[in-house]
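What follows is a short report on a single structure.
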There are 2 protein chains.
Amino acid sequence: MALSLELITATARSLLVQYGLQDVSMRRLAKELDVGPGALYYHVASKQELLRSVAHEILSPLQHEPGDALELMLRFRELVLPLRDVGDLLLLAYALDENLPPARLLPERLMAEGWPQSSAEETSAVVMRFALGAVATEQNQALLQGPAAMPTQAPDARQATAAEQIYRRGLQKLLIRA
Amino acid sequence: MALSLELITATARSLLVQYGLQDVSMRRLAKELDVGPGALYYHVASKQELLRSVAHEILSPLQHEPGDALELMLRFRELVLPLRDVGDLLLLAYALDENLPPARLLPERLMAEGWPQSSAEETSAVVMRFALGAVATEQNQALLQGPAAMPTQAPDARQATAAEQIYRRGLQKLLIRA
DNA sequence: ACCTGAACACCGTTCAAGT
DNA sequence: ACCTGAACACCGTTCAAGT
């Protein structure tokens with residue numbers, strides 16, 4: 001089958017997008033790839049490490065994102081939100097890998113906007129924590145309360161949901177230069 | 001054995017405190033209580049519902065917390081942080097139950113400090129998301145990077161950890177009246 | 001009413017053995 | 001080098017049957 005880390009990661013990602021995190025098991029993955037479950041462990045150290053790899057792939061578009069810090073974080077939400085239950089995954093992934101995007105880019109952008117280095121770094125940590133909590137909350141609520149309430153946005157219908165409002169307000173306040 | 005929701009919840013909580021979330025399984029719980037695994041389901045609808053109940057018990061002290069909004073949220077962190085991996089649990093619990101403490105108390109405190117109702121509610125949602133993301137991040141990092149780095153605080157040694165600094169700064173910014 | 005016991009349909013991970 | 005197959009030690013949940 002020509003197994004590889006790349007193929008495994010890509011398959012895990014498509015399982016995540018199609019069925020959600022609870023369906024991304026090593027055994028399900030192995031079945032999808034037509035190998036025994038043990039075969040995966042030749043290419044990947046653990047499930048945790050695999051999920052970190054998936055998270056990195058998902059977030060890599062942020063590396064080439066133009067715009068200021070606010071736009072970067074809005075793009076972060078847009079990228080993560082459609083993946084239904086990836087919020088919990090990201091919390092873990094950021095703990096495993098502090099350099100997961102946009103963790104490096106965010107302080108750079110702030111410094112480009114004139115923030116001094118030390119407060120740019122502190123603010124980045126604050127903003128990342130807020131963003132992770134906000135998207136995880138938003139996703140969990142969508143999953144548990146109203147799977148029907150997930151707003152099917154006509155991409156032009158520019159009335160923000162309540163959750164989007166809360167996200168923007170938080171960023172606005174946190175990104176005020178002290 | 002005189003099983004009950006209260007006994008099951010209390011036992012689950014002590015398992016959580018002693019061994020961490022990954023050791024809180026329905027089967028382990030049943031063994032601890034000397035019953036078959038199925039017996040639990042006579043008293044509790046699902047594991048998710050049980051965890052919500054545990055979360056509620058853990059956070060109930062916040063209901064009798066004096067002090068302003070900032071102090072309330074600092075107490076929240078202190079309450080949750082020692083429970084090692086409860087951050088992920090809380091994210092889920094808040095999605096299942098929007099009234100979990102301090103979700104009701106927080107807007108009340110803000111209004112007592114002179115905030116108008118609508119912005120008190122919005123700010124509460126923002127602050128809760130930040131707090132959840134922050135404690136989950138802090139806990140995950142403590143678990144994965146340095147189980148040794150968990151600062152054993154002499155309760156008087158008043159030098160804040162980096163994580164505590166970040167938490168305070170976030171709250172400060174979010175609690176500025178617009 | 002409350003619980004047992006067994007079953008169903010799964011997990012992550014390891015590791016000898018094969019090719 | 002890469003993978004199989006089987007095993008180990010688990011999961012959450014259901015449900016007939018017992019008391």
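All chains are named by letter (A, B, ...) in the order of the sequence lines, taking the proteins before the strands, and each is independently numbered beginning at 1.
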Rounded to whole angstroms, how far apart are [atom1] on [X] and [atom2] on [N]?
X     : N      : atom1 : atom2 : result
A/Q22 : C/dG12 : CD    : C1'   : 17 Å
B/K31 : C/dT4  : NZ    : C1'   : 16 Å
A/M26 : C/dC10 : CE    : P     : 18 Å
A/D34 : D/dG5  : CG    : C1'   : 15 Å
A/Y42 : C/dG18 : OH    : P     : 18 Å
B/L51 : D/dG12 : CG    : C1'   : 12 Å
B/Y41 : D/dG12 : OH    : C1'   : 4 Å
B/K47 : C/dC11 : NZ    : C1'   : 12 Å

Original post:
If you pin A/S25 and A/A45 to their nearest nucleotides in DNA chain C, which one's is more 5'?
Top reply: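 The residue whose closest nucleotide sits nearer the 5' end is A/S25.
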**OP:** Verify the contact: side-chain N or O of A/H43 to OP1 or OP2 of D/dA1, cut-off strictly under 4.0 Å; return yes or no.
**Re:**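 Checking A/H43 against D/dA1: no side-chain N or O falls below 4.0 Å of OP1 or OP2.
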[Y] side chain reached by [X] side chain, heavy atoms, under 4.5 Å:
X      : Y      : answer
A/D23  : A/R28  : yes
B/L174 : B/F130 : yes
B/L90  : B/F76  : yes
B/L50  : B/M26  : yes

Original post:
So, A/Y94 side chain and A/P101 main chain: donor-acceptor pair closer than 3.5 Å or not?
Top reply: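 Yes: the side chain of A/Y94 pairs with the backbone of A/P101.
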**OP:** Using a heavy-atom cut-off of under 4.0 Å over every strand shown, decide if A/G36 touches base, sugar-phosphate, or nothing.
**Re:**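 Result for A/G36 = sugar-phosphate.
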Subject >> Nearest-nucleotide pick for B/R27, side chain only, options being D/dC11, C/dT13, D/dC3 >> reply: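 Nearest to the side-chain atoms of B/R27, counting from C-beta on, is D/dC11.
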Subject >> Proximal nucleotide (of D/dT4, C/dG12, D/dT13) relative to the B/S46 side chain >> reply: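 Of D/dT4, C/dG12, D/dT13, D/dT13 is nearest to the side chain of B/S46.
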**OP:** Let me have DNA chain C in dot-bracket notation, would you? Count Watson-Crick plus G-U wobble pairs, both distances under 3.5 Å, and use [ ] for pairs crossing earlier ones and | for inter-strand partners.
**Re:** ||.|||||...|||||.||
**OP:** Can you tell me, in whole Å, how much space there is between the C1' of C/dC11 and that of D/dC8?
**Re:**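 It comes out at 12 Å once rounded to the nearest Å.
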**OP:** Indicate the atoms forming the closest heavy-atom contact of A/M73 with A/P102, along with that distance.
**Re:**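 Scanning both residues, the minimum pair turns out to be SD-CG, 4.0 Å.
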**OP:** Any chance you could lay out the salt bridge (charged side-chain N to carboxylate O under 4.0 Å, His left out) test for B/R168 and B/E164, step after step, and finish with the verdict?
**Re:** CA-CA 6 Å; B/R168 295 187 106 103; B/E164 188 183 338; 2.6 Å; yes
